[in-house]
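Note sheet for the following structure.
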Amino acid sequence: MTVVHPIHTAWLTTGATGAQNYDEFADDAEITEIITANPRSALAVEMPHRAPDSLGKSFADALPDAVARLAQAKDAGAYAAAQDVVVLYAITAPDGSAAYGLWCMVDTDQISTSADEPGLVIRNEDVFLEKVRERVALAQALGHLLSPVLLLQTGRGAELHAALAEAVAHAGEPAATDVDPSGRTHAIWPLPPGPQADALRALAGGGDLVVADGNHRSLAAQTGGFARFLAVVTTPDSVAIQPYNRLVHKLDITVEELLTRLEKAGAQVGEGTPTVPAAGGVVHLYAAGRSYAVTLPRDAAGTVVDNLDHALVERVLFGEALDTEPGDKRITYVGGDYPASWLAGEVDAGRAALAVLIAPVTVDDFVKVNLARQKMPRKSTWFTPKARAGLVVAQLP
């Protein structure tokens with residue numbers, strides 16, 4: 001028996017509903033701008049309080065608006081219903097390279113967060129509980145899931161990749177396509193019950209499934225008591241890890257005092273550049289028009305996780321030097337879609353006090369952490385390409 005199942009009642013986009021996932025933005029104003037330009041965007045449902053006609057409401061107060069928007073979209077034909085399907089997924093970049101995946105439902109009771117907790121779905125990252133509570137409230141209000149959890153098939157990834165590529169090559173015209181801001185084309189093909197769907201489900205569920213994106217969504221499925229959650233199962237050959245940086249919007253100390261505290265904590269500070277480091281071992285800080293290369297002190301007795309640059313930033317920079325928590329509202333986590341120049345520009349414009357630029361986690365380190373069932377630091381892996389929200393919507397039973 002596989003842990004991967006068809007979507008009992010799926011709603012497939014007929015066009016224009018696709019969107020970046022709700023947590024891919026460094027500035028909430030961007031969400032409002034996207035919804036203003038395209039009211040059919042799934043973001044109007046996923047982030048109801050950011051829609052133009054709901055501004056000023058809290059997330060909870062805007063939930064009835066989300067329910068109404070989804071119902072209106074379905075009534076207007078923005079989505080078409082399909083029963084008991086899995087959905088082929090191809091993401092094609094402008095250079096012609098392709099990533100593949102399978103939209104499906106996955107058993108929530110398979111989620112494992114530690115070595116002594118059984119399960120094929122490995123969630124590997126600390127989360128912000130407020131965001132989890134919002135996802136639970138949204139799913140319960142809607143009775144639908146719009147954003148998938150991106151799962152990396154580590155056991156039979158090569159076989160799955162080949163099978164998905166072959167299936168897409170013979171699938172004909174897609175049911176729908178969507179183009180993201182990077183120019184990638186996202187295409188979907190529903191597969192009805194039958195031998196082909198069964199074979200792909202078996203491959204998709206044929207080994208450990210690592211959460212590459214959607215740790216909050218997977219925990220929301222557990223917290224909300226959902227038997228299954230919406231997922232896209234993809235392959236190692238389909239994804240890459242990009243940088244995940246940080247902006248600190250306010251400093252309670254001067255930059256000079258910050259650097260002094262870092263050196264007292266054992267860090268080495270030198271001149272740097274406002275760029276993402278080419279390799280791990282050093283982070284770049286940008287503040288008040290100057291850049292610094294900072295080598296944070298490693299823990300010789302620590303684990304792989306303890307000595308990841310993202311963990312050192314949390315422990316040494318945020319904890320010791322700034323005396324703050326990673327979840328402090330003054331810290332914004334900025335994914336790889338935003339270049340280093342954008343973060344530096346936020347500092348130069350006075351909208352942030354400090355940019356923290358961190359080399360991307362290597363795939364080898366990511367795999368080591370997951371095989372050891374250890375947790376990654378918050379917001380430390382920005383996988384690309386990401387599955388697009390609002391292409392396949394799962395109706396909860």
Side-chain angles (χ1 to χ4, degrees), residues 2-8 10-21 42 79-106 145-207 209-210 212-214 230-241 383-394:
T2 180
V3 303
V4 172
H5 306 277
I7 306 168
H8 179 61
W11 292 89
L12 309 181
T13 185
T14 59
T17 63
Q20 293 159 268
N21 290 287
Y79 294 98
Q83 299 294 318
D84 297 317
V85 295
V86 293
V87 181
L88 283 175
Y89 190 20
I91 306 173
T92 306
D95 65 4
S97 61
Y100 302 102
L102 188 74
W103 295 79
C104 56
M105 300 298 285
V106 175
L145 301 172
L146 281 79
S147 281
V149 177
L150 187 65
L151 298 175
L152 198 62
Q153 172 52 258
T154 61
R156 303 181 70 178
E159 292 176 80
L160 177 62
H161 191 91
L164 290 172
E166 182 178 5
V168 166
H170 295 91
E173 288 296 313
T177 60
D178 190 76
V179 179
D180 68 24
S182 297
R184 302 183 187 96
T185 299
H186 298 244
I188 56 172
W189 298 261
L191 294 181
Q196 184 182 34
D198 290 345
L200 291 174
R201 287 196 301 112
L203 285 174
L209 295 163
V210 177
D213 186 53
L230 179 64
V232 167
V233 179
T234 189
T235 70
D237 287 340
S238 289
V239 296
I241 301 177
F383 279 87
T384 57
K386 292 186 180 296
R388 199 129 163 92
L391 299 183
V392 178
V393 176

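We use all heavy atoms of the structure for the numbers below, so side chains are in, but hydrogens, waters and symmetry mates are not. As the structure is a prediction and not an experimental result, all values here were calculated from the model.
To the nearest 0.5 Å, atom CD of residue Gln153 and atom CG of residue Leu164 are 10.5 Å apart. To the nearest 0.5 Å, the span separating NZ on Lys386 from NE2 on His186 amounts to 11.5 Å. If you take SG on Cys104 and NE2 on His5, they are separated by 9.0 Å, rounding to the nearest 0.5 Å. Rounded to the nearest 0.5 Å, atoms CZ (Phe383) and CG (Asp213) are 9.0 Å apart.
Pro94 approaches Gly183 most closely through the heavy-atom pair CG-O, 3.6 Å. Between Ala387 and Tyr89, the closest heavy-atom pair is CA-OH, 3.6 Å. Taking both residues in full, the closest heavy atoms of Ser238 and Ala99 are given as O-CB, 3.4 Å, listed atom of the first, atom of the second, then distance. Listed here is the closest heavy atom pair of Thr235 and Gly157: CG2-O, 3.5 Å. Nearest heavy-atom pair, Met105 versus Leu230, reported as atom, atom and distance to 0.1 Å: SD-CA, 3.7 Å. Taking every heavy atom of both residues into account, Leu391 and Gly18 meet most closely at CD2-CA, 3.9 Å.
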Output side-chain donor-acceptor pairs under 3.5 Å for residues 198-206, partner residues at least two apart or in another chain, one line each.
unit_1 : atom_1 : unit_2 : atom_2 : d
Asp198 : OD1    : Arg201 : NH2    : 3.1
Arg201 : NH1    : Val4   : O      : 2.7

Output a table of donor-acceptor pairs, distance under 3.5 Å, between side-chain atoms of residues 166-178 and any protein atom two or more places apart or on a different chain; print 'none' if there are none.
unit_1 : atom_1 : unit_2 : atom_2 : d
His170 : ND1    : Glu166 : O      : 2.9
Asp178 : OD2    : Arg388 : NE     : 2.4
Asp178 : OD2    : Arg388 : NH2    : 3.3

*Decide yes or no on side chain to side chain contact (heavy atoms under 4.5 Å, CB included) for Val392 and Ile188, but give the supporting numbers first.*
CA-CA 8 Å; Val392 178; Ile188 56 172; 4.2 Å; yes
*asked:* Using the rule given for side chain to side chain contact (heavy atoms under 4.5 Å, CB included), can you reason through Leu191 versus Leu88, listing the C-alpha separation, both sets of side-chain angles and the distance that settles it, and then say yes or no?
replied: CA-CA 7 Å; Leu191 294 181; Leu88 283 175; 3.8 Å; yes
*asked:* Under the criterion side chain to side chain donor-acceptor pair (under 3.5 Å), I'd like the reasoning laid out for Asp237 against His161: C-alpha separation, chi angles, the key distance, then a yes or no.
replied: CA-CA 7 Å; Asp237 287 340; His161 191 91; 4.8 Å; no
*Is there a side chain to side chain contact (heavy atoms under 4.5 Å, CB included) between Gln20 and Asp180 once you walk through the steps?*
CA-CA 8 Å; Gln20 293 159 268; Asp180 68 24; 5.9 Å; no
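Taking the side chain to side chain donor-acceptor pair (under 3.5 Å) definition, one finds that Ser147 meets it with Asn21, Glu46, sequence neighbours left out. Under the side chain to side chain donor-acceptor pair (under 3.5 Å) criterion, Thr13 pairs with Thr17, not counting sequence neighbours. For Pro236, the side-chain contact (heavy atoms from CB on, under 4.5 Å) criterion is met by Leu152, not counting sequence neighbours.
Using a 4.5 Å cut-off on side-chain heavy atoms (C-beta onward), Val233 and Leu209 make contact. Residues Pro6 and Val85 fail the side-chain proximity criterion, which asks for heavy atoms closer than 4.5 Å. Within the 4.5 Å cutoff, no side-chain heavy atoms of Asp84 are placed close to those of Ile7. Using a 4.5 Å cut-off on side-chain heavy atoms (C-beta onward), Leu12 and Tyr79 make no contact. A heavy-atom distance below 4.5 Å is found between the side chains of Leu150 and Thr234.
Each side-chain hydrogen bond (donor to acceptor under 3.5 Å, both in side chains) pair with one or both residues in residues 91-104, not counting sequence neighbours, appears once here: Asp95-Ser97.
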